[in-house]
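Read the structure below first, then the notes.
The structure displayed is predicted, hence computed values, not measured ones.
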Amino acid sequence: MIVTTKELFKYAYDNYALGAYNINNAEQTMGLFKGNVDSKAPFILQISRGARKYTDKRMLEGMIRAADGIFPEAVFAVHLDHGDEETCYDCIDSGFYSSVMIDASHESFEENIAITKRVVDRAHAVGVSVEAELGQLGGVEEDISVDEDKAHLTDPDQAAEFIERSGCDSLACAIGTSHGAFKFSGSQSLHFEIIEAIQQRVPGFPLVMHGSSSVPQEEVERINAAGGDLKGARGVDVSQYLPAAKMGVCKINIDTDGRLVWTRVHREYLRDHPGVFDFRPVGKVFMAEYAKFIASRNELLGSAGQLDAVRAALGK
Ligand code: 13P
């Protein structure tokens with residue numbers, strides 16, 4: 001069942017965070033739904049602009065609708081990750097997405113507000129939720145690359161004004177994480193004092209943490225042992241997920257870790273089965289491993305076991 005992020009945040013706020021996971025293909029979609037249903041977690045399915053271009057945006061929609069039918073217990077939002085204005089409008093007008101992110105964080109404060117407000121007006125007219133971003137994360141994500149010297153943390157004093165004037169439903173805050181597998185390469189760390197300060201200024205307002213993959217060292221070691229070259233990859237400490245959730249962070253974005261699971265499974269499988277040239281056996285291993293990974297993240301986020309309560313609250 002597709003619901004808005006705003007609805008999901010109502011039940012999660014100050015209690016647990018929803019995992020926001022990116023998908024690109026059928027295997028990820030199946031693993032994602034299975035992992036969430038197995039761990040009884042509501043979730044947010046994210047689609048990036050790159051994913052929409054990978055096969056065809058209609059292919060993603062078809063896969064998600066099919067998965068919704070295969071897993072009728074699932075409760076989830078369909079969310080555009082890091083949209084520009086044009087892509088937000090395309091998603092809003094499609095009638096399929098329940099949530100979009102407008103990322104105008106690279107613009108000036110005033111321009112960010114103006115762009116976000118335009119998207120909010122159009123989205124709210126048809127019941128779609130809007131996430132905006134204030135401050136800028138470093139790192140690389142698909143076609144978005146932000147140098148560490150350009151990245152800057154969210155200013156808590158600006159957050160309340162931004163939310164008030166833009167009308168957004170949730171706010172992605174830059175608190176020291178970065179996108180990709182090479183986080184904290186310099187002296188960066190997580191700035192919980194910023195989340196705390198923002199929560200004090202906008203109590204009850206849902207916050208979002210991007211760049212939250214933990215880059216499990218076991219995955220990195222196995223990838224490297226199977227021919228990969230990911231030396232120095234590092235991520236967020238998973239013990240920080242729940243404390244963040246208790247400070248109003250309702251959505252925690254995890255994409256890179258899923259790619260690492262994919263890379264480890266495929267590298268090891270092809271190394272160990274040099275004669276195999278069928279994509280289904282390895283695809284099956286990946287779907288099972290990805291489902292396990294998703295369930296394990298939901299335990300850490302506190303969203304595992306919340307599905308029945310959310311369904312009951314929704315009256316479904
Ligand atoms: P990671 O690269 O840490 O998985 O972050 C993903 C993300 O924030 C998507 O918007």
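Salt bridge annotation for Glu61-Lys57: absent, with no cationic side-chain nitrogen under 4.0 angstrom from a carboxylate oxygen. With respect to the salt-bridge test (charged N to carboxylate O, under 4.0 angstrom), the residues Arg264 and Glu289 qualify. Salt-bridge check for Glu131 with Lys251: passed, with a basic side-chain N closer than 4.0 Å to an acidic carboxylate O. With salt bridges taken as basic N to acidic carboxylate O contacts below 4.0 Å, one links Asp257 and Arg297. At a threshold of 4.0 Å, the pair Lys231-Glu221 does not count as salt-bridged, since none of the basic side-chain nitrogens sits closer than that to a carboxylate oxygen. A salt bridge is defined here as a Lys NZ or Arg NE, NH1 or NH2 lying under 4.0 Å from an Asp or Glu carboxylate O, and Lys292 with Asp38 fails to meet this definition.
Arg271 CZ: more than 12 foreign heavy atoms inside a 6.0 Å radius. Residue-environment remark: CE (Met59) stays at or below the threshold of 12 foreign heavy atoms within 6.0 Å. Applying the 6.0 Å contact sphere to OH of Tyr54 captures no more than 12 heavy atoms from other residues, nucleotides or ligands.
None of Arg49, Arg58, Lys53, Arg52 except one satisfies the salt bridge (Lys or Arg N to Asp or Glu O under 4.0 Å) rule with Asp90; the exception is Arg52.
Stacking of Arg122 on the aromatic ring of Tyr89 is recorded, both the 6.0 Å distance cut-off and the 45° axial limit being met.
Classification of the Phe76-Phe43 ring pair by plane angle, with boundaries at 30° and 60°, yields parallel. Taking the six-membered ring for Trp and thresholds of 30 and 60 degrees, Phe109 and Phe162 have ring planes inclined between 30 and 60 degrees apart.
In summary, the side chains of Thr87 and Asp84 do present a donor paired with an acceptor at a separation below 3.5 Å, with no hydrogens or angles considered.
A distance of 12.5 Å separates CZ of Arg201 from CD of Glu161, quoted to the nearest 0.5 Å.
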Stepwise side chain to side chain contact (heavy atoms under 4.5 Å, CB included) test for Tyr21 and Leu45
CA-CA 5 Å; Tyr21 305 106; Leu45 180 156; over 6 Å; no
